[in-house]
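Input: a single structure, listed below in structure tokens.
So you know, we letter chains A, B, ... as the sequences are listed, proteins then strands, and number each from 1. Because the structure is predicted, anything quoted here is derived from the model rather than measured. Keep in mind that the numbers below use all heavy atoms, side chains included, and drop hydrogens, waters and symmetry copies.
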2 protein chains.
Amino acid sequence: MIGPVTKRRTDGLSKDVIVRAAAGILDEAGEAALTFRALTARLDTGYGAIYHHVANKSDLLAAATDDVIARVMTGTADGAEPREALRTVALGLFDAIDAHPWVGAQLSREPWRPALMEIYERIGGLLDALGVPERALFDAAGALVNYVLGVAGQNAANARLLTSGQGDRSAFLADVSARWASLDPDRYPFVRRAAAHLREHDDREQFLAGVDFFLAGIATLR
Amino acid sequence: MIGPVTKRRTDGLSKDVIVRAAAGILDEAGEAALTFRALTARLDTGYGAIYHHVANKSDLLAAATDDVIARVMTGTADGAEPREALRTVALGLFDAIDAHPWVGAQLSREPWRPALMEIYERIGGLLDALGVPERALFDAAGALVNYVLGVAGQNAANARLLTSGQGDRSAFLADVSARWASLDPDRYPFVRRAAAHLREHDDREQFLAGVDFFLAGIATLR
DNA sequence: ACCTGAACACCGTTCAAGT
DNA sequence: ACCTGAACACCGTTCAAGT
């Protein structure tokens, strides 16, 4: 019997290479697919080599998330008018999390890492530029960041459901809508009415509408 | 050698008993402690018995979450003026998630389950009673629920950090505050300023402040 | 310093077998 | 119908050993 020909990489490993490979697996196959076994296979290496550059799995996820967020935060909407810049940054985050749902899950799970600090800095700075008074500035930034995190978590959960359940989006929405429409109208009057709007609603637009509610509320303080 | 004396329960098992036991483990020892092995030990039974009443772990977590949320949603702030009722319901959710952080994590993870429908119904109904116009009603409810979910996720993450890191809360805040204060003032001007507020800030009050921003923004529509 | 990969200590879940 | 518990197919992580 001929022994297995395990290819081995000749160039050196680095945290950067590992993080990029992890992000690739996460994007292509979802969060459940990121295992150290899958990583060693993709990188043609062993467990120890990975652990030599990365503390553990949670470190790996955090580093990959920081990468994505940093790319969104730098350069987006520089020099624009504060209110418009806030909307642009918020939409940039929404789109990034939509494209990489694992980022949303990670932000909800470990929000004290650098990625969230970047978000907080950017949004807080723009609210300051908008003229939000000092006494409300930090509450306002906290609220807006929390809102973005909430949407991030939802998006990640929806993406997980849609990829695992292999149904397409409109079929899923139609299904939920039909279930909501058949609820007891005495117990669930609001959700029943919402059912009709659900099928035609646009997640991106609804996200922006929420940002606008915030900004309108904050504007009443001035 | 004398065989092990494994106690066996004499009364029948039920989904309710299992869900309550799971909630007990989650409250006492956190999310990582909820394993089927721990459950069989606590209930003096085997795996099959549990799987006979519960589909899988995710079903178990969802059921436990629905229980907690249903208790918060029913009876809280009935008959109060809509604006005040909204604040009361929001605070009730905040406190419940603070007491049971695993509820927050679950709401961010699987938001299409009954628990979220209850929240959506309650908050949407109150916004309707508040006089929010039809065209904005569903966006407003979506935004407010997302905000609550965001806080829920944060709270759960913080609780996980504080129990696993075994440091007390004020020491943790002082540590983060010190780290933020020592950041490069050119790159992180906002976060540096926020550091001072962090030590004395009240999570509960900041949460309510966010709700008020929303309500103020929504009020501008009328 | 950097890497290997067998081994350890766990998981959730299944299923033939019992009552 | 309800329950048992050995077994399966995985995990993340460690560590003695190699270069």
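Rounded to an integer number of Å, the gap from CG of A:D44 to C1' of C:dG5 is 15 Å. Rounded to whole Å, the distance from CG on A:L61 to C1' on D:dT13 is 16 Å. For the pair B:L39 CG and C:dG12 P, the interatomic distance rounds to 9 Å; values are reported in whole Å.
For DNA chain C, the stems formed by at least three consecutive Watson-Crick or G-U pairs, with both atom-pair distances below 3.5 Å, span C:4-8 with D:12-16, C:12-16 with D:4-8.
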Steps toward side-chain contact (heavy atoms from CB on, under 4.5 Å) verdict (A:L149, A:I119): CA-CA 10 Å; A:L149 274 196; A:I119 298 175; 5.7 Å; no
For A:D16 and A:R20, run side-chain contact (heavy atoms from CB on, under 4.5 Å): C-alpha distance rounded to whole Å, both residues' side-chain angles, the deciding distance at 0.1 Å, then the answer. CA-CA 6 Å; A:D16 231 59; A:R20 245 192 301 276; 3.1 Å; yes
Test log, rule salt bridge (Lys or Arg N to Asp or Glu O under 4.0 Å), inputs A:E31 and B:R109: CA-CA 13 Å; A:E31 249 179 297; B:R109 213 183 292 126; over 6 Å; no
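Under the rule for a side chain to side chain donor-acceptor pair (under 3.5 Å), the partners of B:S58 that lie at least two apart in sequence or sit in another chain are B:E110.
Ring geometry for A:Y147 against A:F214 counts as perpendicular: the plane angle is over 60°, on a 0 to 90° scale with 30° as the lower cut.
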Could you tabulate the donor-acceptor pairs under 3.5 Å formed by side-chain atoms of residues 173-180 of chain A, not counting sequence neighbours?
{"residue": "A:D175", "atom": "OD2", "partner": "A:R179", "partner atom": "NH1", "Å": "3.2"}
{"residue": "A:S177", "atom": "OG", "partner": "A:A195", "partner atom": "O", "Å": "2.9"}

Distance-only criterion, 3.5 Å: show the donor-acceptor pairs between side-chain atoms of residues 137-145 of chain A and protein atoms not counting sequence neighbours.
none

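When the side-chain nitrogen and oxygen atoms of B:H53 are compared with OP1 and OP2 of D:dA1, none of them lie within a distance under 4.0 Å. For D:dT4, the OP1/OP2 oxygens have a side-chain nitrogen or oxygen of B:T45 closer than 4.0 Å.
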Sort me out a list of protein N/O and nucleotides 8-11 of chain D N/O pairs below 3.5 Å, or just none if empty.
{"residue": "D:dC11", "atom": "N4", "partner": "A:R37", "partner atom": "NH2", "Å": "3.4"}

Show me the protein contacts with nucleotides 14-19 of chain C, counting only N or O atoms at under 3.5 Å.
none

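Of the residues A:D27, A:I69, A:D95, the one that meets the side chain to side chain contact (heavy atoms under 4.5 Å, CB included) test with A:H100 is A:D27.
On the C1' atoms, C:dA17 is 13 Å away from D:dC2, given to the nearest whole Å.
A:D128 has a carboxylate O that lies under 4.0 Å from a charged side-chain N of B:R193, or vice versa, which qualifies the two as a salt bridge.
Proximity of A:V19 to A:H53: side-chain heavy atoms (C-beta onward) are nowhere separated by under 4.5 Å. You'll find the side chain of B:E118 reaches within 4.5 Å of the side chain of A:Y188, heavy atoms only.
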